[in-house]
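All of these numbers come straight from a predicted model, not from anything done at the bench.
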Amino acid sequence: MLIFLSISTAQSQENVTWTTQSLNSSESMPVGGGDIGLNLWVEKGEVYLYLSRSGTFDENNTLLKLGRVKLKLSPNPFEGKTFKQELILNDGYAQISGSTSKLKTQIKIWVDVFNPVIHLDIKSSQKVTTEASYESWRFEDRITKGKENNQNAYKWAPQGVVKTFKDEIGFKGNIIQFYHQNKPETVFDVAVKQQGLENRKTELFNPLKNLIFGGSLHGDKMIPAGNYSGTYMNTPFQGWTLKSQLPTKSEQITIRLNTSKATSVPAWEKEIYAIKTSASQTPSIKWWNDYWKRSFINISAKDETANQSSRNYQLFRFMLGCNAFGKYPTKFNGGLFTYDPQFTDSTLKYTPDFRNWGGGTHTAQNQRLVYWPLLKSGDFELMKPQFDFYLNLLKNAEIRTEAAWGHKGASFTEQLENFGLPNPAEYGWKRPAGFNQGMEYNAWLEYEWDTVLEFCMMILETERYDNRDIKQYLPLIESSLTFFREHYAYLAKQRGAKALDGNGHMVLYPGSGAETYKMAYNSASTIAALKTVLERLIEYPSLPGNKKKEWTEMLQMIPSISFRQFEGHTTISPAKVWERINNTESPQLYPVYPWGIYGIGKAGLDTAINTFKYDTDVIKFRSHIGWKQDNIFAARLGLTEEAEKLTTLKLKDSGRRFPAFWGPGFDWTPDHNWGGSGMIGLQEMLMQVDGKKLYLFPAWPKDWDVHFKLFAPYQTTVEGTLKNGKLIDLKVLPEARKTDVKVMIE
């Protein structure tokens, strides 16, 4: 049973409350903080936790879970009729309570936001015996076959036998210690050799080398109580148990986690036992309280799908907040909250480590949708892991360009590993003799290099929104632009004597309109990306004069977007010409979002609306599923009815016990680019920005009452209340920005 408790204050959140236990891990609840995610559920009277943390990549670039924890109490308070499991959103923790006729027990599960420590605090009305077990399916090496390799970098093209190597697990005094230590050779070495970069290997950033990750489980009054084995959802496991020395009314269990490039296991152990394990929850609660006060969208409407949209917007934002301080960005294909795969696809009877589309593999088209909404929600600190991901790979991308083509600039492919090289399977093992070293031999991904520009734009926007210091990222932005200038001049000179066309513009051929319009000439999405990023970079206040001149010259070289006709209506063309259609994206509308060349208050809005309404590909591809962003296009174009329909379809309850566990869509469950695109759509319906202009309610249904607070450029926050179709309260800070607001619903 799912109950939502309404809380009157705007800054408080609606708790998720269950009054019955879960059937299995698919009915789990997300809990987390810092860079740790837990799947929490109670099954047959026992409490379970899956442990996940940002950056736990094995030799094959699988994002491994850190195991499962089980709590068993005797006598068992969860065998009675009274049960409650509650996610207390405002304070960022979960609580489980149960009672029998004589016994009442409460378990608080929380993660320290500032230290990698999980706390389980147990309090009972009478003395109970606690068993805390660590369970692992990686107690022995496991050969991964068939689709199971979709969890790693080998995907459908393993080169020989692929193994997930076992962890080291055991008692160490009164502690259970567990860790995975990557072996000397990893998929990094395989990819470097495959892609002809062995002579540059020592220069390349390698995140998998010497990586050790794991943790320790400790109970204040607990001692080792043996081992056991079992099977959960077709996966064999072994367990290590700690047990109360004596029955007690309270027990504190702590799980420390450590991920490190330690020089040795003893060095890793020294680090983990130096981690602070303060019992005070106050700093973490304060962080979550501030998080919820920062921004919100609270809808109150007769339409239940509208109410679900704002509620699930907040639930998904909670999941994103659990990786605020990760070394790696939140993964689009499940984040930190994946569970046993057979509950997503009954044919995939693999371990809980499985997720489709890889762990250390970065798919930019999907990742971008997880991070764009964090600008308007004001969650700038959460964006750092995503920005640093690209910055750390900059040198590798530049080396790759130089080795393949002999020119400058960073070549970031659409799908790349966490060491900056193309995924080996997508790069292609069966390549024609002499095929260019820098190219992926792949019909979907070839010539798709422009997705990095969305992250460059996000970086520039954090400076504009929050006055963030982005100097360290300028080399990334400039090198990404340099690649396009250098590479398309290089390609043009391969074909003929001139680097530019007759109008002095770059010839962006061969190119790609997302993964859809292939072998494209002057793709609209690429043109819009280059034009917009260049304009924003030129506006950057700290850009030196010589650099401003250089990028202004490049801006003048960007060709114009092309158009085509449908039923006599002029529409944006996905490119000047193209050879084939490979996927179902609509990049002809990327000049609307994310690039904002067309939109409310701008020239050509009718052409963009025509594209949404009449382009037969756009109509055919339209959907609310997964990474589809039609809801965002509709909002940006001021099409209220369409935006309402598509956004509520996106953000409605998932059909799973936790309402924001959407998916799998095109990817995996919980689908984070599904949630991210839903967030963006709701934000854009409510508020759009254009330079200093602020448009409120540009695609907002009049019968949706709402109280919101969002961020806008120039360190601006906008808080307002709409009731019965009228704006009854508006607070804009700084107040001088109020003159830039245009209310579009009255």
side-chain contact (heavy atoms from CB on, under 4.5 Å) assessment of E14 paired with Q314: CA-CA 9 Å; E14 296 177 350; Q314 307 291 51; over 6 Å; no
Steps toward side chain to side chain donor-acceptor pair (under 3.5 Å) verdict (N323, T330): CA-CA 6 Å; N323 189 33; T330 297; 3.1 Å; yes
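- A donor-acceptor contact shorter than 3.5 Å links the side chain of R656 to the backbone of G663.
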Verdict with reasoning, Y50 to S25, per side-chain contact (heavy atoms from CB on, under 4.5 Å): CA-CA 9 Å; Y50 275 135; S25 63; 3.8 Å; yes
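- Sorted by first then second residue, the salt bridge (charged side-chain N to carboxylate O under 4.0 Å, His left out) pairs that include residues 221-230, not counting sequence neighbours, number zero.
- The only member of F337, F343, W674, F354 that meets ring pair (Phe, Tyr, Trp, His ring centres under 6.0 Å) when paired with W668 is F354.
- Under the 3.5 Å distance criterion, the side-chain polar atoms of N333 are matched with a main-chain donor or acceptor of G358.
- A donor-acceptor pair under 3.5 Å links the side-chain atoms of S264 to the main chain of A267, judged by distance alone.
- One finds the OG atom of S654 at 7.5 Å from the CG atom of N312 (value rounded to the nearest 0.5 Å).
- A 6.0 Å sphere centred on CH2 of W357 holds no more than 12 heavy atoms belonging to other residues, nucleotides or ligands.
- Looking at D340, its side chain never comes within 3.5 Å of a backbone N or O of Q342 through a donor-acceptor pair.
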Verdict with supporting geometry, D653 and R311, salt bridge (charged side-chain N to carboxylate O under 4.0 Å, His left out): CA-CA 9 Å; D653 289 352; R311 188 171 62 216; 3.7 Å; yes
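- Between D667 and R355 there is no salt bridge, since no side-chain nitrogen of the basic residue lies less than 4.0 Å from a carboxylate oxygen of the acidic one.
- A donor-acceptor contact shorter than 3.5 Å is absent between the side chain of T259 and the backbone of T56.
- The aromatic ring centroids of F57 and Y328 lie less than 6.0 Å from each other.
- A salt bridge links R53 to D35: at least one charged side-chain nitrogen sits closer than 4.0 Å to a carboxylate oxygen.
- Note that the NE2 atom of H362 and the CG atom of N423 stand 13.0 Å from one another [nearest 0.5 Å].
- The backbone N or O of V113 lies less than 3.5 Å from a partner atom in the side chain of S284, making a donor-acceptor pair.
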Stepwise salt bridge (charged side-chain N to carboxylate O under 4.0 Å, His left out) check, D141 with K166: CA-CA 5 Å; D141 292 353; K166 71 173 186 175; over 6 Å; no
Derivation of the side chain to side chain donor-acceptor pair (under 3.5 Å) call for N24 and S26: CA-CA 6 Å; N24 49 54; S26 73; 2.5 Å; yes
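- H180 and D167 make their closest contact through ND1-OD1, 2.8 Å (heavy atoms, listed as atom of the first residue, atom of the second, distance).
- For the pair E148 (side chain) and T144 (backbone), a donor-acceptor distance under 3.5 Å is absent.
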Verdict with supporting geometry, I223 and N174, side-chain contact (heavy atoms from CB on, under 4.5 Å): CA-CA 5 Å; I223 57 174; N174 290 336; 3.8 Å; yes
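- A cation-pi arrangement is absent between R138 and F178, since the terminal nitrogen or guanidinium carbon is not both under 6.0 Å from the aromatic centre and inside a 45° cone about the axis.
- Taking the six-membered ring for Trp and the full ring otherwise, the centers of W18 and F83 sit at least 6.0 Å from each other.
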Derivation and outcome, salt bridge (charged side-chain N to carboxylate O under 4.0 Å, His left out), residues R294 and D379: CA-CA 8 Å; R294 187 182 303 149; D379 297 321; 2.5 Å; yes
Please list, one pair per line, the donor and acceptor atoms closer than 3.5 Å that link side chains of residues 184-193 to other protein atoms, with sequence neighbours excluded.
from : atom 1 : to   : atom 2 : distance (Å)
T186 : OG1    : F188 : N      : 3.2
D189 : OD1    : K201 : NZ     : 2.7
D189 : OD2    : T186 : N      : 2.9

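- The OG atom of S124 lies 9.5 Å from the CD atom of Q106; values are rounded to the nearest 0.5 Å.
- Annotation: cation-pi pair R68/F237 present, NZ/CZ under 6.0 Å from the ring centroid and within 45° of its normal.
- Counting non-hydrogen atoms of other residues, nucleotides and ligands closer than 6.0 Å to NZ of K108 gives a total above 12.
- The heavy-atom pair separating Q21 from K44 by the smallest distance is OE1-N, 3.4 Å.
- Ring pair W240/Y134 is tilted by interplanar angle, where 30° to 60° counts as tilted.
- Here the side chain of S125 pairs a donor or acceptor atom with the backbone of K104 at under 3.5 angstrom.
- Residue L217 is tested with I175, T254, I253 for a side-chain contact (heavy atoms from CB on, under 4.5 Å); the sole match is I253.
- The backbone N or O of F332 lies less than 3.5 Å from a partner atom in the side chain of Q367, making a donor-acceptor pair.
- Atom NZ of K261 has more than 12 neighbouring heavy atoms from other residues, nucleotides or ligands inside a 6.0 Å radius.
- In plain terms, the two heavy atoms of T669 and T338 that are nearest each other are O-CG2, 3.8 Å.
- For D112 (side chain) and S278 (main-chain N/O), no donor-acceptor pair under 3.5 Å exists by modelled atom type.
- Of the listed residues (Y371, F661, F316, W662), just one forms a ring pair (Phe, Tyr, Trp, His ring centres under 6.0 Å) with H672, and that residue is F316.
- Applying the salt bridge (charged side-chain N to carboxylate O under 4.0 Å, His left out) criterion to D290, with sequence neighbours excluded, gives K286.
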For residues 155-164, which side-chain donor-acceptor pairs fall under 3.5 Å, sequence neighbours excluded?
from : atom 1 : to   : atom 2 : distance (Å)
K155 : NZ     : Q415 : OE1    : 2.2
K155 : NZ     : E426 : OE2    : 2.8
Q159 : NE2    : A157 : O      : 3.0

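- With sequence neighbours left out, the salt bridge (charged side-chain N to carboxylate O under 4.0 Å, His left out) criterion links K172 to E269.
- Residue Q252 holds its CD atom at 10.5 Å from CG of L120, rounded to the nearest 0.5 Å.
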Salt bridge (charged side-chain N to carboxylate O under 4.0 Å, His left out) between E135 and K70, worked out: CA-CA 7 Å; E135 298 180 342; K70 181 177 77 174; 3.7 Å; yes
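- Ring to ring, W288 and Y93 are not that close: their centroids are 6.0 angstrom or more apart.
- D58 pairs by the salt bridge (charged side-chain N to carboxylate O under 4.0 Å, His left out) definition with nothing, not counting sequence neighbours.
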side-chain contact (heavy atoms from CB on, under 4.5 Å) assessment of L51 paired with L38: CA-CA 5 Å; L51 314 179; L38 312 174; 3.7 Å; yes
E271 vs S260, side chain to side chain donor-acceptor pair (under 3.5 Å): CA-CA, chis, key distance, verdict: CA-CA 9 Å; E271 290 174 357; S260 172; 2.7 Å; yes
